[in-house]
Amino acid sequence: MSHRLLTSMAGLPVVIAAALLAPAAVAAETWTVPRTADGQPDLQGVWDFRTITPMERPVALGTKEFFTEEEAAIWEREENRRQDRDQIDPETGGLQYPRGGVVPYNEFWYDRGNKVVGTKRTSLIVDPPNGRLPEMTPDGKKRADLRAAEQRETQLGRPHADSWEDRPLQERCIVGLNAGPPMHPGAYNNNFQLFQTPQYVVILNEMVHDARIVPLDGRPHGHIRQWKGDSRGHWEGNTLVVDTINFKRETSLPNSSANIHLVERFTRTDADTLLYEFTVEDPTMWTRPWTAVVPMRKSEDLVYEYACHEGNYAMASILAGARAAEKAAEEAAKKGSK
């Protein structure tokens with residue numbers, strides 16, 4: 001798909017999402033987008049994207065796009081209860097943790113937020129219209145199944161570890177769980193700080209403390225694959241558009257591949273809201289592009305340094321443990337053959 005067509009498709013959800021913010025429109029009538037010294041919309045500051053609105057609309061909700069106030073309150077109560085790690089018994093499992101697995105953190109460490117987005121949408125995905133991810137390609141389904149099996153085995157203490165490259169990028173502290181690109185709500189550190197100059201924007205995520213430097217001078221994409229991809233930005237009216245390709249491996253987005261083409265759009269809709277929209281085109285994994293919209297809230301909090309080294313410090317033990325498990329299995333097989 002051409003960049004022009006993808007960008008055009010990406011713009012449609014912004015119009016839809018902006019319309020969904022209509023309750024705030026009256027108050028926003030007197031609000032003017034602030035400008036930087038060079039005349040561009042001022043998007044700078046710390047932005048918070050915590051929410052328990054799911055990426056995909058739950059199947060049970062069918063075609064329901066929005067909660068009522070009462071339904072939202074019920075969803076928040078039940079979802080907060082469902083995700084409470086303190087309520088999970090490792091012996092029986094729950095959420096993504098299999099029976100007999102390990103629940104690594106208790107509820108104290110989570111900061112996922114406890115509210116749905118202000119629009120009361122039932123999913124962050126706005127396209128496809130059913131609020132769910134599009135169908136996977138045959139190869140994508142195979143890859144996703146292998147990843148799911150590996151995650152289950154890891155939870156049960158049987159990680160695939162022929163080398164360090166077998167381990168997930170998040171485990172090795174190379175890519176944050178929700179830091180992106182694209183950014184999406186996760187367990188904690190759901191905030192980032194945006195800086196602007198006439199030539200660049202900098203997207204600083206608290207998760208893994210990564211700074212993505214995005215040129216705005218019209219230069220073409222490079223050819224070197226990078227962990228965070230190769231980003232280029234430009235302005236379309238009051239919207240900052242960031243186009244990213246050339247990823248080195250999977251991104252922080254579940255089930256993505258290195259072939260992802262990502263278009264992000266940042267639009268400040270009022271003094272306290274930054275509308276963040278991203279469109280994913282990954283022909284390796286999904287049969288069509290899809291788009292999600294995340295309303296971000298202005299925050300007065302600071303972004304703190306995030307130190308993440310556990311997976312790298314433990315790599316020698318992970319590899320040694322895998323070799324020990326293989327040796328034990330070989331010895332057991334020899335005894336069984338006698």
Inset, instruction - Return yes if a side-chain donor-acceptor contact under 3.5 Å exists between Arg268 and Thr273, otherwise no. - result: no
Inset, instruction - List the steps, then state whether salt bridge (Lys or Arg N to Asp or Glu O under 4.0 Å) holds for Glu150 with Arg147. - result: CA-CA 5 Å; Glu150 163 54 27; Arg147 287 175 183 173; over 6 Å; no
Legend entry - Over all atoms of both residues, closest heavy-atom pair of Gly233 and Val214: N-CG1, 3.4 Å
Legend entry - Salt-bridge contact Glu236-Arg265 (side-chain N to carboxylate O under 4.0 Å): yes
Legend entry - Worked check of salt bridge (Lys or Arg N to Asp or Glu O under 4.0 Å) between Arg232 and Asp230: CA-CA 7 Å; Arg232 298 291 183 266; Asp230 180 56; 3.1 Å; yes
Legend entry - Centroid-centroid under 6.0 Å between Trp75 and Phe67 rings: yes
Legend entry - Residues Thr287 and Thr137: side-chain donor-acceptor under 3.5 angstrom: no
Legend entry - Nearest atoms (heavy-atom pairs only) where Pro90 meets Val103: CG-CG2, 4.3 Å
Legend entry - Sub-6.0 Å ring centroid separation between Tyr304 and Tyr306: no
Inset, instruction - Test side chain to side chain contact (heavy atoms under 4.5 Å, CB included) on His261 and Asp243 and set out the steps. - result: CA-CA 8 Å; His261 177 191; Asp243 185 279; 2.7 Å; yes
Legend entry - Pair Asn238-Arg35, side-chain donor/acceptor within less than 3.5 Å: yes
Legend entry - Asn246 side chain to Gly229 backbone, donor-acceptor under 3.5 Å: no
Inset, instruction - Locate the shortest heavy-atom distance separating Thr122 from Thr53; write the atom from each residue and the value. - result: C-CG2, 4.2 Å
Inset, instruction - Assess Arg85 against Tyr110: is NZ or CZ under 6.0 Å from the centre of the six-membered ring, and within 45 degrees of the ring's axis? - result: yes
Inset, instruction - Walk me through it: do Arg143 and Thr284 pass the test side chain to side chain contact (heavy atoms under 4.5 Å, CB included)? - result: CA-CA 10 Å; Arg143 291 178 182 225; Thr284 299; 3.6 Å; yes
Legend entry - Distance-only side-chain donor-acceptor flag, Asp42 / Gln44, under 3.5 Å: yes
Legend entry - Pairing of Arg82 and Glu79 as salt bridge, 4.0 angstrom limit: yes
Legend entry - Residues, nucleotides or ligands: over 12 heavy atoms within 6.0 Å of Leu302 CG: yes
Inset, instruction - Can you see which heavy atom on Ala161 is nearest to which on Ile318, and at what distance? - result: CB-CG2, 3.9 Å
Inset, instruction - Please determine, by modelled atom types, if Asn190 and Asp111 share a side-chain donor-acceptor pair under 3.5 angstrom. - result: no
